[in-house]
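This report concerns only the one structure given below.
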Amino acid sequence: MSLRNVLVVLYDGVQSLDVTGPVEVFAALDHIGGRSGYRIRTVSPGGQPVRTHSGLTLVPDGDLEGARPAPGTTLLVPGGRQTADFEPRLTDWLRAHGGGAERLVAVCTGALLLAEAGLLDGRRATTHWNACALMARDYPAVSVEPDPIYVRDGRVATSAGVTAGIDLALALVEEDHGRDVALLIARHLVVFLRRPGNQAQFSAQLAAQTARREPLRDVQQWITEHPGGDLSVTALAARARLSPRHFARAFQAETGVTPGRYVERVRVEHARRLLEDSADGITEIARTCGYGTPEAMRRAFVKTLGQPPAEYRRRFGGRRRGGAGDGGGVGCCPGRKT
């Protein structure tokens with residue numbers, strides 16, 4: 001197996017998990033059957049130690065100025081402080097040499113660094129949900145997608161915050177070495193090899209605001225607990241003791257989404273979890289989650305996740321097949337279940 005180069009850029013204020021999460025994924029290959037798949041090198045402006053946002057100190061392998069992405073290099077740019085504090089030496093170096101990498105990968109607000117260097121112009125990208133509006137405003141040449149946990153556009157890949165960098169790194173390992181190797185790494189790190197890039201950054205409950213008024217909060221909870229129930233606006237309005245029109249207006253005003261959109265998100269999320277964790281048939285899952293027919297669930301999945309339920313289960317089903325999704329596997333202590 002030939003080694004692939006991973007060059008990681010460090011700077012003061014970097015988010016430590018944006019660095020260590022993907023690096024642990026790439027480095028884990030060394031611990032699986034003694035194989036080496038990646039040569040990892042870290043660099044910083046001036047080759048100086050950097051202090052992360054959380055106060056940790058990271059010591060790089062070398063000086064950014066002397067680094068050049070060799071052929072086949074994945075250039076990893078982690079997130080950290082935003083545009084107001086960008087290090088000019090870093091953005092100048094990315095502008096001059098970022099194009100020489102085989103793959104450009106940004107984690108979290110690292111996408112803002114790539115955008116500042118002009119490397120995302122004309123491309124689709126994402127970043128941490130809290131910075132998506134900023135990136136869209138300051139870099140209009142970038143097509144910002146605020147919902148996915150990661151976005152691949154040709155040789156450029158960007159991810160949402162923190163743990164999404166692990167999801168993206170696992171996807172890159174799968175691309176380089178196959179799904180079985182990526183699955184072994186996921187088990188080794190005791191993480192889930194489940195999340196497709198177009199999965200939302202938040203669950204339905206977290207993506208929407210919590211309603212201020214108790215009747216509406218109770219309705220939100222009811223929807224979550226009864227995805228297979230009658231969740232029409234009329235039925236939900238009756239539960240909140242409001243007229244359907246008043247309920248629909250109030251729900252959207254307080255949660256930021258329409259009742260129908262909220263119900264759709266909850267049902268897809270519930271169905272996705274059943275596909276991952278159970279052996280129930282698709283017809284049964286469709287009924288449990290309130291879809292009138294399996295075809296209705298299929299349309300919802302294609303719209304939301306970009307793939308039908310059967311394909312989603314094939315790729316991300318875990319417990320029913322004893323894969324990484326069962327939460328077991330090899331952790332830091334060989335022979336011990338974690």
Side-chain angles (χ1 to χ4, degrees), residues 147-149 163-164 167 179 183 186 191-211 214-242 244 247-248 251-252 254-329:
D147 290 330
I149 58 171
T163 58
D167 293 291
R179 179 169 174 78
L183 185 60
V191 297
F192 297 109
L193 185 63
R194 288 184 177 177
R195 301 201 293 176
N198 55 358
Q199 184 170 319
Q201 292 192 28
F202 288 120
S203 67
Q205 290 83 356
L206 290 178
Q209 304 167 40
T210 299
E214 186 173 342
L216 296 180
R217 288 201 305 272
D218 290 344
V219 167
Q220 284 183 287
Q221 187 66 26
W222 172 264
I223 293 170
T224 300
E225 295 175 352
H226 302 85
D230 181 358
L231 302 182
S232 64
V233 169
T234 300
L236 296 176
R239 182 165 292 278
R241 296 179 178 153
L242 298 170
F247 168 76
F251 190 95
Q252 183 167 6
E254 295 203 17
T255 68
V257 295
T258 65
R261 179 61 175 150
Y262 188 80
V263 168
E264 181 182 46
R265 289 176 177 176
V266 168
R267 283 178 166 160
V268 168
E269 186 171 303
H270 191 66
R272 177 177 61 78
R273 288 174 177 169
L274 289 176
L275 288 167
E276 293 171 356
D277 296 337
S278 80
D280 295 347
I282 288 176
T283 299
E284 182 179 355
I285 290 174
R287 183 171 58 252
T288 300
C289 296
Y291 295 104
T293 64
E295 178 57 28
M297 187 171 84
R298 182 185 185 280
R299 289 195 298 270
F301 263 62
V302 170
K303 175 184 175 182
T304 305
L305 299 176
Q307 56 194 302
E311 176 63 15
Y312 185 91
R313 167 168 271 175
R314 186 188 71 79
R315 287 185 55 81
F316 303 106
R319 291 185 180 178
R320 65 190 191 94
R321 294 202 308 257
D326 61 7

Exercise. Can you label the angle between the F247 ring and the F251 ring as parallel, tilted or perpendicular, going by 30° and 60°?
Key: tilted
Quiz item: So T288 and H270, side-chain contact (heavy atoms from CB on, under 4.5 Å) or not? Walk me through it.
Solution: CA-CA 9 Å; T288 300; H270 191 66; 4.3 Å; yes
Quiz item: How long is the span from the CD atom in Q220 to the CD atom in E254, to the nearest 0.5 Å?
Solution: 8.5 Å
Self-check item: Nearest-0.5 Å distance, CD1 of residue I285 to CZ of residue R313
Solution: 4.5 Å
Self-check item: Results of side-chain hydrogen bond (donor to acceptor under 3.5 Å, both in side chains) for T258 - residues two or more places apart only
Solution: none
Quiz prompt | Worked check of side-chain contact (heavy atoms from CB on, under 4.5 Å) between L231 and R267 | solution = CA-CA 10 Å; L231 302 182; R267 283 178 166 160; 3.7 Å; yes
Quiz item: Measuring from I149:CD1 to D167:CG, what's the distance to the nearest 0.5 Å?
Solution: 4.0 Å
Quiz item: Mind checking what makes salt bridge (Lys or Arg N to Asp or Glu O under 4.0 Å) contact with R299, not counting sequence neighbours?
Solution: E295
Practice problem: Take L236 and V263, measure what side-chain contact (heavy atoms from CB on, under 4.5 Å) needs, and give me the verdict at the end. | Solution: CA-CA 11 Å; L236 296 176; V263 168; 4.2 Å; yes
Quiz prompt | Pairing of E264 and R261 as salt bridge, 4.0 angstrom limit | solution = yes
Exercise. Taking all heavy atoms of P294 and all of A286, pick out the closest pair and write down the distance.
Key: CA-CB, 3.9 Å
Exercise. Starting from the C-alpha separation in whole Å, work towards a yes-or-no answer on salt bridge (charged side-chain N to carboxylate O under 4.0 Å, His left out) for E311 and R314.
Key: CA-CA 5 Å; E311 176 63 15; R314 186 188 71 79; 2.8 Å; yes
Self-check item: From C289 atom SG to E269 atom CD, the distance as rounded to the nearest 0.5 Å
Solution: 10.5 Å
